[in-house]
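Down below is the structure, laid out as structure tokens.
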Protein chains: 2
Amino acid sequence: MPARRSPARRPTMKDIARRAGVSESAVSFALNGRPGVSEVTRERVRRVAEQLGWRPSTAARQLSGEGAATVGFVVARPADTLGVDSFFLQLISGIQEVLAERHLGLLFQVVESVEDECAVYRRWWAEHRVDGVLVVDPRAEDPRPDLLGELGLPAVVIGGGPDSRQPGTSTVWADDAGAMASLVDRLYELGHRRIVHVAGLPRLAHTERRIRALRTEAERHGPQARVHSVTTDYSDAESAAATRRVLGAGEPPTALVYDNDVMAVAGLAAATELGFAVPADLSVVSWEDSALCRLVKPWLSALSRDTVGFGRTAAGELMALLDGGPARTVQVPVPRLIERDSTGPARPH
Amino acid sequence: MPARRSPARRPTMKDIARRAGVSESAVSFALNGRPGVSEVTRERVRRVAEQLGWRPSTAARQLSGEGAATVGFVVARPADTLGVDSFFLQLISGIQEVLAERHLGLLFQVVESVEDECAVYRRWWAEHRVDGVLVVDPRAEDPRPDLLGELGLPAVVIGGGPDSRQPGTSTVWADDAGAMASLVDRLYELGHRRIVHVAGLPRLAHTERRIRALRTEAERHGPQARVHSVTTDYSDAESAAATRRVLGAGEPPTALVYDNDVMAVAGLAAATELGFAVPADLSVVSWEDSALCRLVKPWLSALSRDTVGFGRTAAGELMALLDGGPARTVQVPVPRLIERDSTGPARPH
DNA sequence: TCCAGGAACTAATGCGCTTCAGCGATCAAG
DNA sequence: CTTGATCGCTGAAGCGCATTAGTTCCTGGA
């Protein structure tokens with residue numbers, strides 16, 4: 001190692017003990033709010049610690065039984081799919097707000113596949129790196145909750161749905177089915193009978209929930225409904241392709257619902273190119289609100305939810321779990337439809 | 001703490017020692033490739049370790065002098081400014097690729113201000129949490145390199161520019177000045193003489209470099225050049241406002257250069273709304289290429305750079321620093337102009 | 001035949017912290 | 001006035017690993 005300026009040794013509890021004229025144990029008791037020292041000593045120790053700029057070494061702390069003061073967050077998506085989506089960074093912002101209060105760190109990792117993600121969990125567990133993890137993009141037959149349960153690693157599944165109850169892991173979810181129901185109701189009210197849902201990755205839990213909900217709604221509304229879903233990889237490319245395909249069909253839909261903002265914008269562009277006027281010929285809805293929705297003309301109507309708050313809630317649940325609370329399933333507010341300029345009455349047949 | 005299923009104790013070196021019938025020290029030697037054990041013993045120990053799924057506890061390792069096996073990454077921007085920008089997640093992807101090879105963790109934090117960022121560095125340092133950090137968004141009179149030098153925390157400044165040489169911290173940068181020069185040259189070639197640069201946050205180092213470069217270029221091209229920069233907060237809102245302002249002026253520019261993709265798209269929309277045809281009346285260039293640039297009509301010409309590679313390079317430099325190498329200043333390839341449909345010859349006066 | 005020297009391994013120590021078992025001193029209860 | 005309990009504190013052990021200082025055994029050179 002090359003010589004760095006001012007090695008700047010970190011102060012330890014021993015330094016505090018010496019300066020305060022007490023034993024190390026007393027320092028530990030004082031600083032951790034444990035009984036065993038008088039109030040005056042406690043206060044004196046605190047002052048010395050502060051004056052020295054002392055902070056506990058997480059490593060030492062962890063080695064003597066405490067946690068790692070860190071939670072893990074893995075996202076398994078290819079780098080390019082990750083890029084444009086505003087969802088993750090917003091979610092992380094919310095998570096951070098809660099973690100920062102407790103001085104917990106966030107260990108973040110991007111991987112390619114769920115298998116890699118599981119490997120990361122195993123490594124983190126074996127290396128004692130994290131006290132708990134936040135899991136996103138749950139899917140059908142997901143190996144992750146089982147693995148985390150096996151490892152005894154507290155976890156919160158984000159977007160899991162009410163069915164995904166696993167002992168030891170909490171779930172935070174939005175009622176996609178309810179949102180889909182009210183969205184379809186509204187489109188019906190506007191006269192739309194042929195609706196296509198351009199969904200995201202097929203095996204994700206919330207994708208499947210939305211698809212199922214759409215089907216249920218269609219059945220509820222009777223036989224004249226002509227609705228269906230197509231799945232994509234969330235990319236603008238597949239969205240445009242899917243849009244061209246469905247709009248080129250015999251009886252094109254009069255309303256399109258996209259599972260994220262990027263796809264909605266790409267779809268809008270594709271539709272416009274094909275000569276469809278929005279919203280006169282075609283209504284377009286994005287299932288994710290962001291600045292993007294107001295960057296295109298016409299402004300996109302969107303299902304809006306508080307993503308930052310979503311992250312906050314998830315992190316809060318993890319905190320509760322780390323504090324020894326029971327695993328729970330909590331629901332965040334249902335996304336609300338913001339009607340802008342891309343939706344309107346269906347053109348009469 | 002509630003009972004969790006299968007506490008699943010992590011195996012330690014002691015377990016390995018017992019199973020392999022040797023002392024703990026022998027295990028340590030064997031597993032760390034140090035001399036002191038025979039090849040056969042080494043191999044046996046390795047097998048036992050693997051079989052037990054052993055991984056070194058980072059905490060213990062760290063406590064006995066090794067590093068934390070973690071690097072830190074702080075971004076100081078308000079949550080909403082963060083959202084749409086594809087830059088950060090791409091950068092992180094690149095960083096991760098390098099870190100993953102070495103099994104290093106990435107500790108990530110979002111804060112509001114540079115002061116908060118400094119506080120985070122201090123805390124990380126005092127808590128022994130990271131071996132080094134990656135610094136983004138360097139600015140004029142930046143307190144961060146000094147602080148990190150003082151703490152002896154190896155750091156790589158991303159986007160620092162050649163001037164920001166600090167002992168102990170490396171710099172990875174793109175030649176914005178060169179890119180600006182070739183961009184202006186090209187616009188001149190197309191006949192543009194009135195150019196406005198809608199820049200990002202005023203105090204950021206690369207913003208200032210670009211503004212300075214633009215001025216230099218203007219002087220080089222002589223007195224008939226009418227170019228200037230306006231600064232914003234990178235948001236679509238400020239971009240649209242700035243665009244309306246400059247286009248409403250007496251002699252509106254014939255070319256607009258935006259410091260990121262979101263602003264370019266917002267500016268394009270604003271210009272279109274004011275009745276400017278792109279590229280007939282007005283050329284538009286984005287200083288950041290992303291899917292967004294091909295989501296709008298016309299497709300945006302953009303300065304494209306390999307952001308993932310940028311992250312890779314930065315992480316690589318940090319690795320070199322951690323290995324005891326000297327601080328360096330390395331330059332990544334100059335962004336290249338991808339001419340799509342938003343740029344064309346200036347309309348003759 | 002004896003010893004130097006190296007190879008292969010063990011024992012002991014320390015990193016910074018928490019925690020548990022003491023241990024005087026003080027104090028209320030019997 | 002004695003007995004136990006309680007308070008305020010100290011000493012020591014231990015967490016999982018790296019490392020240094022032994023220790024034992026073996027080999028080869030004289």
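Below, chain A is the first sequence line, B the second, and so on; all start at residue 1. Not measured: the values here are computed from a predicted model.
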Donor + acceptor pair across side chains of B:T41, B:S38 (<3.5 Å): yes

Pairwise 5' ranking along DNA chain C for B:T41 and A:P11, keeping only the more 5' one: B:T41

Side chain to side chain contact (heavy atoms under 4.5 Å, CB included) partner of A:R312, chosen from A:I95, A:V172, A:D306, A:L91: A:D306

Sugar-phosphate, base or nothing in reach of B:M13, heavy atoms under 4.0 Å: sugar-phosphate

Any side-chain donor near an acceptor of the partner, B:R129 and A:T70, under 3.5 Å: yes

Any residue meeting side chain to side chain donor-acceptor pair (under 3.5 Å) with A:E39, in chain and number order, not counting sequence neighbours: A:R42

Show every donor-acceptor pair shorter than 3.5 Å between a side-chain atom in residues 50-57 of chain A and any protein atom, with sequence neighbours excluded, or say none if there are none.
unit_1 : atom_1 : unit_2 : atom_2 : d
A:R55  : NH1    : B:E127 : OE2    : 2.7
A:S57  : OG     : A:A59  : N      : 3.3
A:S57  : OG     : A:A60  : N      : 3.1

Span of DNA chain D in contact with chain A (heavy atoms, under 4.0 Å): D:dG8 to D:dG16

Selection residues 11-20 of chain B - residue pairs positive for salt bridge (Lys or Arg N to Asp or Glu O under 4.0 Å), sequence neighbours left out: B:R9-B:D15, B:D15-B:R18

Interatomic distance where CD belongs to A:Q62 and C1' belongs to C:dC17 [whole Å]: 12 Å

Heavy-atom closest pair, residues B:L148 and B:A155: CD1-CB, 3.7 Å

Backbone N/O of B:R139 and side chain of B:D142: donor-acceptor pair under 3.5 Å: yes

Those residues of residues 15-40 of chain A lying under 4.0 Å from DNA chain C by at least one heavy atom: A:E24, A:S25, A:S28, A:F29, A:N32, A:R34

Closest heavy-atom pair and its distance - A:V45, A:A20: CG2-CB, 4.2 Å

Short N-O contact, A:D323 and A:R102, less than 4.0 angstrom: yes

Five-pair end axes of the helix from C:dT1-D:dA30 to C:dG30-D:dC1, angle between them (10°): 60°

Sugar-phosphate, base or nothing in reach of A:E66, heavy atoms under 4.0 Å: sugar-phosphate

